[in-house]
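Lettering follows sequence order; numbering is per chain, from 1. The structure displayed is predicted, hence computed values, not measured ones.
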2 protein chains.
Amino acid sequence: MTLAASGETDEPSSAGAGVVERAPRRKRSDAKRNLDSLLDAAKEVFASSGVDAPAKEIADLAGVGVGTVYRHFPVRSDLVIAVLQHEVDACIEEGETLSSTEESLAALTKWLHRYTDFVATKRGLAAALHSGDPAFEGLPSYLLQRLDPVVVMMLDRAAAAGEIRSDVTANDLLRAVAQLCIPGPGGPAYSQRMVALLVDGLRNVSTEAR
Amino acid sequence: MTLAASGETDEPSSAGAGVVERAPRRKRSDAKRNLDSLLDAAKEVFASSGVDAPAKEIADLAGVGVGTVYRHFPVRSDLVIAVLQHEVDACIEEGETLSSTEESLAALTKWLHRYTDFVATKRGLAAALHSGDPAFEGLPSYLLQRLDPVVVMMLDRAAAAGEIRSDVTANDLLRAVAQLCIPGPGGPAYSQRMVALLVDGLRNVSTEAR
DNA sequence: GCTGAAGCGGAAACTGATTCCGTATTAACC
DNA sequence: GGTTAATACGGAATCAGTTTCCGCTTCAGC
């Protein structure tokens with residue numbers, strides 16, 4: 001986790017071995033307040049105007065200056081990640097749950113549709129993920145890094161059971177799904193249909209690369 | 001074909017019935033020259049810097065002012081369409097050829113991979129298609145409108161032969177393929193693999209919506 | 001050659017991102 | 001409760017790119 005601005009703990013960590021160092025002073029309370037309002041504001045603005053909403057809009061809603069936004073979150077993706085954190089965690093947990101309660105293919109399928117819903121539902125997220133905009137550089141790698149383990153697990157289990165081909169990686173899948181979630185006419189329903197098609201392709205063992 | 005700035009013919013069309021009208025004067029030769037250099041320059045810049053390259057870059061290479069770019073091509077997508085015209089035509093022709101020389105499923109499959117290559121190879125095109133940027137608004141609809149007929153034909157033929165499910169439209173497919181062509185690690189090879197997966201899903205009749 | 005319509009160039013206005021720095025606030029220490 | 005240095009703040013300034021606009025130039029038609 002390389003979150004630039006997350007809260008740390010309140011306690012200043014005691015100085016390292018040997019070197020005589022002044023204990024770092026505690027984080028300022030107004031900074032903490034601002035960071036909180038910023039996160040709240042961002043969540044709201046992202047939901048209504050998308051993750052690429054102008055920085056000023058977030059700053060205004062949070063009642064701070066733009067400078068404060070950039071100080072806490074030097075790049076846009078830091079802010080997006082901070083806001084999405086919990087939802088991503090929930091996604092991971094659900095993957096683990098499905099894995100342990102469902103048959104291997106069903107678990108994978110259900111989870112992919114759940115993930116599709118997650119990505120397709122966050123305004124501008126899918127587009128940002130593939131925009132190539134340096135402001136969002138950190139996003140794809142963050143999601144991949146977080147989600148990869150669960151997906152690998154589900155994928156391996158289903159492949160071992162012979163339910164799906166084994167020449168597609170978790171990375172491939174996560175990226176493809178997110179691409180199919182880019183909004184357009186048809187809304188999330190379109191994305192779900194295309195993901196279903198992809199999953200059907202996954203089940204087609206006959207054309208597997210060897 | 002709703003190309004805003006394409007060449008028209010040299011001859012001013014004679015006036016309509018009844019109304020006495022001064023014959024419109026011929027298009028100025030310098031304007032034609034500029035339009036040509038603009039198209040040449042755009043083709044080059046699009047190839048090297050992507051379809052979202054700054055207007056100034058194109059203007060400079062063409063040896064004209066930015067104003068001239070905007071006069072001929074009020075929105076970016078007009079210019080992109082003008083540049084892609086021939087390649088799209090070629091794509092359509094190839095679809096017709098494949099249709100008449102190949103077995104139905106093979107024709108569809110080959111064509112989709114050919115289309116994948118086309119989209120994945122034009123710098124920034126796939127991203128622009130799904131960017132939602134108003135500057136590119138016209139692009140998706142142009143491509144859809146041009147390509148839809150051939151794809152519908154191939155799709156129908158394969159569906160009639162029972163080779164593929166019939167609950168997926170040409171529109172669905174074209175869009176999905178273009179989404180999977182958005183560049184990233186793995187290059188066009190990734191796109192081709194994912195399109196192959198999608199096609200495999202298409203062949204899976206068992207889960208077809210009824 | 002004249003003339004006015006058509007077209008030109010590039011400066012100006014605008015939009016949003018990002019940096020910067022003088023000022024305000026705070027934690028720590030007395 | 002006062003002092004001080006570190007920290008954080010706000011928003012003006014800067015920057016990059018798009019888009020508009022208008023005085024000047026060039027061309028087609030005569």
Mark yes when over 12 heavy atoms from residues, nucleotides or ligands other than A/Glu44 sit less than 6.0 Å from its CD; otherwise mark no. no
Starting at atom CG of A/Asp52, determine the distance to atom P of C/dT18, rounded to an integer number of angstrom. 12 Å
If you take all heavy atoms of B/Leu173 and B/Leu112, which pair is closest and at what distance? CD1-CD1, 4.0 Å
Nearest to side-chain heavy atoms of B/Val66, which nucleotide of C/dA27, D/dG10, D/dT20: D/dT20
Would you say A/Arg26 reaches C/dA28's phosphate, i.e. side-chain N/O to OP1/OP2 under 4.0 Å? yes
Using whole Å, what does the distance between atom P of nucleotide C/dT15 and atom CG of B/Asp133 come to? 16 Å
Figure out the CD1/P separation between B/Ile58 and D/dG17, and round it to whole Å. 13 Å
In this structure, how many angstroms lie between the P atom of C/dT15 and the CD atom of A/Glu57, rounded? 15 Å
C/dG7, OP1 or OP2 - any side-chain N/O from B/His72 closer than 4.0 Å? no
Calculate the interatomic distance between A/Lys27 atom NZ and C/dT25 atom C1'; express it in whole Å. 15 Å
Which nucleotide in D/dG10, D/dC27, C/dA28 has an atom nearest any side-chain atom of A/Thr68: D/dG10
Can you check the B/Lys32 NZ to C/dA6 C1' distance for me, whole Å? 17 Å
Nearest-nucleotide wise, let me know which of B/Arg28 and A/Arg33 is further upstream toward the 5' end of DNA chain C. B/Arg28
Do A/Leu198 and B/Asp200 have side chains that approach each other closer than 4.5 Å (heavy atoms only, starting at C-beta)? no
Closest to the side chain of A/Asn34, out of D/dA8, C/dG7, C/dA27, is D/dA8
Just compare D/dA28, C/dT26, C/dG7 and give me whichever is closest to any side-chain atom of B/Arg25. D/dA28
Decide whether B/Arg165 and B/Thr207 meet the rule of one side-chain donor and one side-chain acceptor closer than 3.5 Å. yes
A/Pro54 side-chain proximity, nearest of C/dG16, D/dT18, D/dA28: C/dG16
Between B/Lys56 and A/Asp30, name the one whose nearest nucleotide on DNA chain D is closer to the 5' end. A/Asp30
Round to the nearest Å and state the distance from B/Asp60 atom CG to C/dG9 atom P. 11 Å
Among C/dA27, D/dG10, D/dG29, the one nearest A/Arg71 by side-chain distance: D/dG10
In whole Å, what is the span from the CG atom of B/Leu35 to the C1' atom of C/dG7? 12 Å
As a test of reading the structure: which of D/dC27, D/dT18, C/dA28 is closest to the side chain of B/Tyr70, going by heavy atoms? D/dT18
When you look at A/Glu137 and A/Ser77, which way does the side-chain hydrogen bond (donor to acceptor under 3.5 Å, both in side chains) test go after all the steps? CA-CA 7 Å; A/Glu137 248 181 25; A/Ser77 56; over 6 Å; no
